[in-house]
Amino acid sequence: MRLNKGKLVTLYATFENNREWNAKVFNGIIEAAGRDHVILSDPQTGQRYLIPMVYVDYVVFSEEIEYEYPYGSTTQAGQPLATYPPR
């Protein structure tokens, strides 16, 4: 998520055992993200949401996303993380 800071997303979240709303949809721009949370700002209302990742079901991006896996795909010694023979 942090690689896509500034992009507009629709985030779907589920909150178990909540009588008011079990599932909620958030629309906003990614302001920041960490391992356990994401911060969205709604451009229409100006509200900001800090959402723990444990509640996030999935995220829909309205544009191409940035994604690196796994962080350069080499170890600190410059070796590939894993090498497996083709199937």
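Please read these numbers as outputs of a predicted model, since none were measured by experiment.
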Non-neighbouring partners of [X] that pass side-chain contact (heavy atoms from CB on, under 4.5 Å), sequence neighbours left out:
X	answer
Val56	Leu11, Ile51, Met53, Val59
Ser41	Ile29, Glu31, Arg48
Ser62	Leu8
Tyr55	Ala13, Phe15, Pro52

- Search all heavy atoms of Asp42 against all heavy atoms of Tyr49 and return the closest pair with its distance.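 Of all heavy-atom pairs spanning Asp42 and Tyr49, the closest is CB-CE1, 4.2 Å.
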
- Gly28 to Pro43 - nearest heavy-atom pair and separation: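 It is CA-CD, 4.1 Å.
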
- Message: Quick check on the hydrophobic clustering: are Val54 and Tyr58 connected, directly or via other members, by side-chain heavy-atom contacts under 4.5 Å?
- Response: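 Hydrophobic grouping puts Val54 apart from Tyr58.
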
- Query: Val60 and Val25: same hydrophobic cluster, using ILVMFWY side-chain contacts below 4.5 Å?
  - Reply: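 Shared cluster, yes.
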
- Query: Got a sec, which hydrophobics cluster with Ile39, joining ILVMFWY side chains under 4.5 Å apart, including via others?
  - Reply: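 Result for Ile39 is Leu50.
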
- Check: Asn18 side chain, Trp21 main-chain N or O, donor-acceptor pair, under 3.5 Å: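 Confirmed, Asn18 side chain pairs with Trp21 backbone.
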
- Query: Heavy-atom distance under 4.5 Å between the side chains of Val9 and Ile30, does that happen here?
  - Reply: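 SC-SC contact between Val9 and Ile30 confirmed.
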
- Using a 4.5 Å cut-off on heavy atoms from C-beta on, say whether the side chain of Met1 contacts that of Arg35.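 Not touching, per the 4.5 Å side-chain cut-off.
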
What is the distance from atom [atom1] of [X] to atom [atom2] of [Y], rounded to the nearest 0.5 Å?
X	Y	atom1	atom2	value
Gln47	Thr45	CD	OG1	4.5 Å
Asn22	Lys24	CG	NZ	12.0 Å
Glu63	Ile65	CD	CD1	10.0 Å

- Query: For Asp57, what residues pass the side chain to side chain donor-acceptor pair (under 3.5 Å) criterion, not counting sequence neighbours?
  - Reply: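 For Asp57 the side chain to side chain donor-acceptor pair (under 3.5 Å) partners, ignoring immediate neighbours, are Thr14.
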
